[in-house]
> 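The structure under discussion is supplied below as structure tokens; questions concerning it will follow.
Labels below follow one simple rule: chain letters A, B, ... track the order of the sequence lines, proteins then strands, and each chain is numbered from 1.
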Amino acid sequence: MFTTRPDTLFGATYMVLAPEHPLISSLLELARKQPRINGRIRSARVEVLDPSGKSLGIMDLSEAIGFARQRGVDLIEVGVKQNVSICFAQDYGGFRDLRVRLNQQVGAIQKYRDLVAAKSDLERTELAKEKTGVWTGAYATNPVNGEKIPIWIADYVLASYGTGAIMAVPAHDERDWEFAKEFYLPIVEVVSKESVPPDVSGDWPAGSPSQRSVDLVSAGGRNLYAGGDVRPPEACYVGDGFGINSTSGALSLNGLPTAEAKEKIVAWLESKGLGTKTINYKLRDWLFSRQRYWGEPFPIVWKEDANGDLFHEALPESALPVLPPAPDDYTPTADGQPPLARATDWVELPDGSVRETNTMPQWAGSCWYYLRYLDSANASSFVSTAAESYWMSPSSLSPLLSPVSPFLPSSGVDLYVGGTEHAVLHLLYARFWHKVLFDLGHVSTPEPFFKLVNQGLILGEDGQKMSKSRGNVVNPDDILNEYGADALRLFEMFMGPLSDVKPWNTQGVAGVYKFLGRVWRLFVDEAAETAFEQALVTAEVAAQPALLQSVPVGASLQESPATPAQLKALHACIKKVTEDLEGMRFNTAISAMMIFVNEAMTWGVKPVSVLRTFLQLLAPFAPHLAEELWEKLNVRSLPAESLSYVAWPAYDPSLLVEDTLEIPVQVNGKLRAVIQVPAAAANAELESAALAAEKIQPFLAGKTVKKIIVVPRKLVNVIAA
RNA sequence: GCCGCUGUGGCGAAAUGGCAGACGCAGGGGACUUAAAAUCCCCAGAUCGUAAGAUCGUGCGGGUUCGAGUCCCGCCAGCGGCACCA
């Protein structure tokens, strides 16, 4: 039995086994078969168990019978394992009663197990909120007070977690509370929110429900507890508090805060050999194996033991890596075996063992490739110690960088981007694997990733999640063929904030494609463009790139000095794009570039220096187009060098200073006029200019000005009444 | 149930507490064209008005403030993740 709240042991009024729990099978077996007792046991060797199931050792039959007789109990066989008889040493009378009750319940138990087995995982976990269960007919003994508590089976207890068996404390666990209400099981409060002095928090009450209402069979399987000595609490309380109703001759937890009560009861249980403290780690079991070819094969082989039962074995390190065979056919076999099963030469090993034919999912590789990238050519190790520590370890950072600032470049992977749906689990596993590697001493940090950004899901054009069944899937390949990689990339960034969920819109791609066309025409001569398009129609495919390169830049591009207005437009764009990239606001960075291009299109003379810098801003968003135009510009001016190696431009704030400002004027908080003032205007000048504005006069007529609020360079608000 | 995100025009969206709707899509009008496409220019939140203009307007209800899409309190709705983990 497993619990995280040992302090509530006095409040355990029943216990629950998972329906699949092996003990249930043993109980059913017990009900069906008349057990052999004492002299009728056939095996020569006997493992003796005390009534709690604890093994007292294996001995010869005669010795075991003597052992039992000496203590006035019987030896009851409950099973045989490897020619050794498993026997309880306890009074047969009580045991017979149990068999009687089990036999009464056996039909119900089997029916319930069948019902549960028929349920899908979905039904059992996500949908099934209603509690179901069946009493087994058996009782357990609560070690702290000797109470008999009924053992139920219910599917709200999972066989796969803990021990698949729980003590139910309905007063302090929501699930137990619901179950107890459903089946009228007793509820005893043992934790109080408020501190209660030990002397007034009552003893385990006489005539408590578990003593009074044990005969569940006679009550039709239901414990009709109707109040009395212990009034059930009005609501379930799962928080910490102070022990009440938790005293027996053996020990008392009354008045103790939860943390102390836990310590005390655990110490007591351990001293009696009734339990041990343990730490339980949880890791979600994400279906790991696939019946596909494309994935890493498992380094696992299957063998048969003496009884012909299959068991699996890990291959030794010397057998790694396990490389997949290259079959002719990558489809599953007719009888549903994975594709690898086709490669019988590969599957069957000389010693008669057989390889696992399922493969790992793709994320098995992606959980650690950030490490492999650090040293991808290394043939002897997945990453060398030197490379790992250079890239991943904080101590390798340049001493010029202060180690205390959290804003400076970090060690490890700076940024992990992924949608929640995928990244929650992938990230969880990647971190888990990294921690395993850390514990094994292969990496120098326990955490690989510095920052997480969840990008938003792209929905279908109908605003619903893309799925084959809805028929709203957009294939990026089609977009790529129609509009090119730059347009696809640009549109994905233009749609909205990175982390927002947003619907796809193919017409929107056409929009940014149009923008890229405008950029192209900003640089390229219109006549040359027309000539190029006509030539393209008849050109051989192989000749097309050369044709593209031969298109000259437009005559309006000149090596002339930029005007102040042009510099202002450029530097405003640099500022916005630089800051937005830093904050991953790609959509507004792109709109800033659109604004720049819209303006630049109107320039009669386009200074090459300005357009060249603009291309650098565009490059991260539309790398192909930017690089192409960069080459054209440089053929004409500078020696050609890839755009990727040129330092990011800086902006000059002095170029962005405005001479005059448009200042909104409000009357009583409502916008009534906009005035033009010199950028350097003092507050008093703003006030008088505002009051003098023609458009605000009607709103001041017949009123007195009470107050004027001036926000320098921003706004004037006249309060009048 | 727990956790997270999001509510602003017909649509995607923008807005250090200070002119709500930048930029773009769809739409309307015009130019070019024999015509269409492409391209270029203009209009475009709603209501009333011929117009100038006025009023209303950022999911809902309160609050703070000269001023709230933005801050505070309380709701509602949608989306996503996790989920009888004792």
Side-chain angles (χ1 to χ4, degrees), chain A residues 1-6 8 12 15-16 18 124-131 154-158 160-169 172-176 178-179 238 280-285 419-425 428 454 456-457 459 461 463-465 490-491 494-497 499-512 514-515 517-518 521 526 529-530 533 576 585 587-598 601-602 662-675 695 698 706-720:
Chain A
M1 194 220 76
F2 181 86
T3 185
T4 56
R5 289 297 300 271
T8 61
M15 69 171 287
V16 185
R124 260 189 88 162
T125 58
E126 290 179 28
L127 304 178
K129 294 296 175 209
E130 276 167 32
K131 296 283 183 289
D155 69 353
Y156 81 91
V157 170
L158 308 175
S160 56
Y161 186 76
T163 52
I166 62 151
M167 68 180 199
V169 186
H172 304 290
D173 181 283
E174 293 281 1
R175 297 151 299 185
D176 297 341
E178 284 168 26
F179 191 84
V238 298
N280 205 28
Y281 296 97
K282 278 194 292 180
L283 186 61
R284 188 182 185 276
D285 181 18
T420 50
E421 255 181 285
H422 177 248
V424 160
L425 294 170
L428 182 74
N454 285 134
L457 201 65
L459 307 173
E461 294 204 72
Q464 299 228 275
K465 205 162 150 180
L490 195 65
F491 179 63
F494 185 62
M495 288 168 79
S499 53
D500 282 10
V501 176
K502 51 225 166 228
W504 179 259
N505 177 6
T506 299
Q507 272 179 330
V509 188
V512 295
K514 245 159 67 177
F515 164 70
R518 283 164 73 81
R521 286 190 299 277
E526 212 175 315
E529 168 73 2
T530 313
E533 275 173 3
K576 183 76 177 144
R585 294 179 296 268
N587 53 330
T588 48
I590 291 165
S591 90
M593 289 187 288
M594 288 173 166
I595 290 167
F596 172 84
V597 169
N598 287 347
M601 290 292 274
T602 67
E662 287 192 342
I663 302 293
V665 179
Q666 299 179 339
V667 177
N668 293 332
K670 290 200 174 188
L671 178 75
R672 297 302 180 187
V674 177
I675 54 172
K695 282 190 173 176
K706 296 254 161 126
K707 189 178 175 186
I708 301 179
I709 291 151
V710 178
V711 183
R713 300 174 60 83
K714 286 285 181 191
L715 161 140
V716 178
N717 189 8
V718 181
I719 311 303

> Answer with base, sugar-phosphate or nothing: what part of the nucleic acid does A/E662 contact at a heavy-atom distance below 4.0 Å?
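Answer is base: heavy atoms of A/E662 come under 4.0 Å of a base.
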> Kindly write out the residues that satisfy side-chain contact (heavy atoms from CB on, under 4.5 Å) with A/V238, not counting sequence neighbours, or none if the list is empty.
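Only A/E174, A/C236 meet the side-chain contact (heavy atoms from CB on, under 4.5 Å) criterion with A/V238.
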> Reading nucleotides 12-18 of chain B 5' to 3', which nucleotides get B (base under 4.0 Å from a protein heavy atom), which S (sugar-phosphate only), which -?
BSS-B-B
> When rounded to the nearest Å, what value does the distance between P atoms of B/rG59 and B/rA77 take?
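Roughly 16 Å separates the two P atoms.
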> To the closest 0.5 Å, what do you measure between OG1 (A/T163) and CE (A/M1)?
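Taking OG1 in A/T163 and CE in A/M1, the distance rounds to 7.0 Å.
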> For B/rC19 and B/rA83, measure between their P atoms and round to the nearest Å.
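Comparing P positions in B/rC19 and B/rA83 gives a spacing of 46 Å.
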> Is A/D500 reaching over with its side chain to a backbone N or O of A/G456, donor-acceptor style, under 3.5 angstrom?
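Flag not set: sc A/D500 to bb A/G456 has no pair under 3.5 Å.
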> So, taking the atom named CZ in A/F491 and the one named CH2 in A/W504, what distance separates them when rounded to the nearest 0.5 Å?
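CH2 of A/W504 is found 5.5 Å from CZ of A/F491.
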> Please enumerate all protein N or O atoms sitting under 3.5 Å from an N or O of nucleotides 40-44 of chain B, with distances to 0.1 Å.
unit_1	atom_1	unit_2	atom_2	d
B/rC40	OP1	A/R518	NH1	2.5

> Quantified in whole Å, what is the P atom distance between nucleotide B/rC32 and nucleotide B/rA37?
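Comparing P positions in B/rC32 and B/rA37 gives a spacing of 15 Å.
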> When the P atoms of B/rC48 and B/rG62 are compared, how many Å lie between them, rounded to an integer?
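Roughly 27 Å separates the two P atoms.
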> Would you call the rings of A/Y156 and A/F179 parallel, tilted or perpendicular, where under 30° means parallel and over 60° means perpendicular?
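Plane angle between 30° and 60°, so tilted.
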> Please name the pair of heavy atoms, one in A/K502 and one in A/G496, separated by the smallest distance, quoted to 0.1 Å.
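Taking A/K502 first and A/G496 second, the nearest heavy atoms are NZ-O, 4.0 Å.
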> Expressed in angstrom and rounded to an integer, what is the separation of A/E174 atom CD from B/rC85 atom C1'?
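Atom-to-atom, A/E174 to B/rC85, this comes out as 15 Å.
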> Of the listed nucleotides (B/rG24, B/rC66, B/rA22), which one gets closest to any side-chain atom of A/K707?
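Of all the options, the side chain of A/K707 is nearest to B/rC66.
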> Base, sugar-phosphate, or nothing for A/I166, non-hydrogen atoms under 4.0 angstrom?
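The residue A/I166 makes base contact.
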> Using every non-hydrogen atom in the two residues, find where A/R518 and A/N598 come nearest and quote the distance to one decimal.
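Distance-wise, the nearest heavy atoms are NH2-OD1, 2.6 Å.
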> Under the rule for side chain to side chain donor-acceptor pair (under 3.5 Å), what residues qualify as partners of A/T3, not counting sequence neighbours?
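A/T3 satisfies side chain to side chain donor-acceptor pair (under 3.5 Å) with no other residue.
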> Measuring from A/N717:CG to A/L671:CG, what's the distance to the nearest 0.5 Å?
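Rounded to the nearest 0.5 Å, the CG-CG separation comes to 10.0 Å.
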> Can you tell me the distance, in whole Å, between the NZ atom of A/K131 and the P atom of B/rG1?
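To the nearest whole Å, that distance equals 13 Å.
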> Which pair of heavy atoms, one from A/K714 and one from A/P664, lies closest together, and at what distance?
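Minimum heavy-atom separation between A/K714 and A/P664: O-CD, 3.1 Å.
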> Nearest-Å distance, CG (A/L490) to P (B/rC23)?
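Taking CG of A/L490 and P of B/rC23, I get 17 Å after rounding.
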> Just to be sure I understand: a Watson-Crick pair is purine N1 to pyrimidine N3 plus N6-O4 or O6-N4, both under 3.5 Å. Using that and G-U wobbles, which stems of three or more pairs involve RNA chain B?
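Looking at RNA chain B, the stems formed by three or more consecutive pairs are B:1-7 with B:76-82, B:10-12 with B:23-25, B:27-31 with B:39-43, B:45-48 with B:53-56, B:59-63 with B:71-75.
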> For the residue pair A/L158 and A/A18, what are the closest heavy atoms and their distance?
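Closest approach of A/L158 to A/A18, heavy atoms only: C-CB, 3.9 Å.
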> Taking only the C1' atom of each, what is the distance from B/rG78 to B/rC25 in whole angstrom?
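These two C1' atoms come out 23 Å apart once rounded.
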> Identify which nucleotide among B/rA86, B/rG80, B/rC19 has an atom closest to any side-chain atom of A/K465, counting heavy atoms from C-beta outward.
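Ranking B/rA86, B/rG80, B/rC19 by closest atom to the A/K465 side chain puts B/rG80 first.
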> Please report the interatomic distance CG(A/N505) to CD(A/E461), rounded to the nearest 0.5 Å.
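Output value for this atom pair is 5.5 Å.
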> Roughly how far apart are A/T588 OG1 and A/M594 CE, rounded to 0.5 Å?
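Here the rounded value is 12.0 Å.
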> Could you check whether any side-chain heavy atom of A/N668 comes within less than 4.5 Å of a side-chain heavy atom of A/K670, counting everything from C-beta outward?
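No, side chains not in contact.
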> At under 4.0 Å between heavy atoms, which parts of nucleotides 49-58 of chain B does protein reach? Answer with one letter per nucleotide, 5' to 3': B base, S sugar-phosphate only, - none.
----SSSS--
> Could you give the distance separating B/rU16 and B/rG7 at their P atoms, to the nearest angstrom?
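About 14 Å, rounded to a whole number of Å.
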> Look at the side chain of A/R175 against the base of B/rA86 and say whether a donor-acceptor pair falls under 3.5 Å; ignore hydrogens and angles.
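A donor-acceptor contact between them is present.
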> If you measure from the P atom in B/rC76 to the same atom in B/rA22, how many Å do you get, rounded?
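Pairwise P distance, B/rC76 against B/rA22, rounds to 34 Å.
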> Say you draw a straight line from NZ of A/K131 to CD of A/E178; how long is it, rounded to the nearest 0.5 Å?
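A/K131 atom NZ to A/E178 atom CD measures 4.0 Å (nearest 0.5 Å).
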> How far does the P atom of B/rC11 sit from the matching atom of B/rA46, given to the nearest Å?
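Between the two P atoms, the distance is 12 Å.
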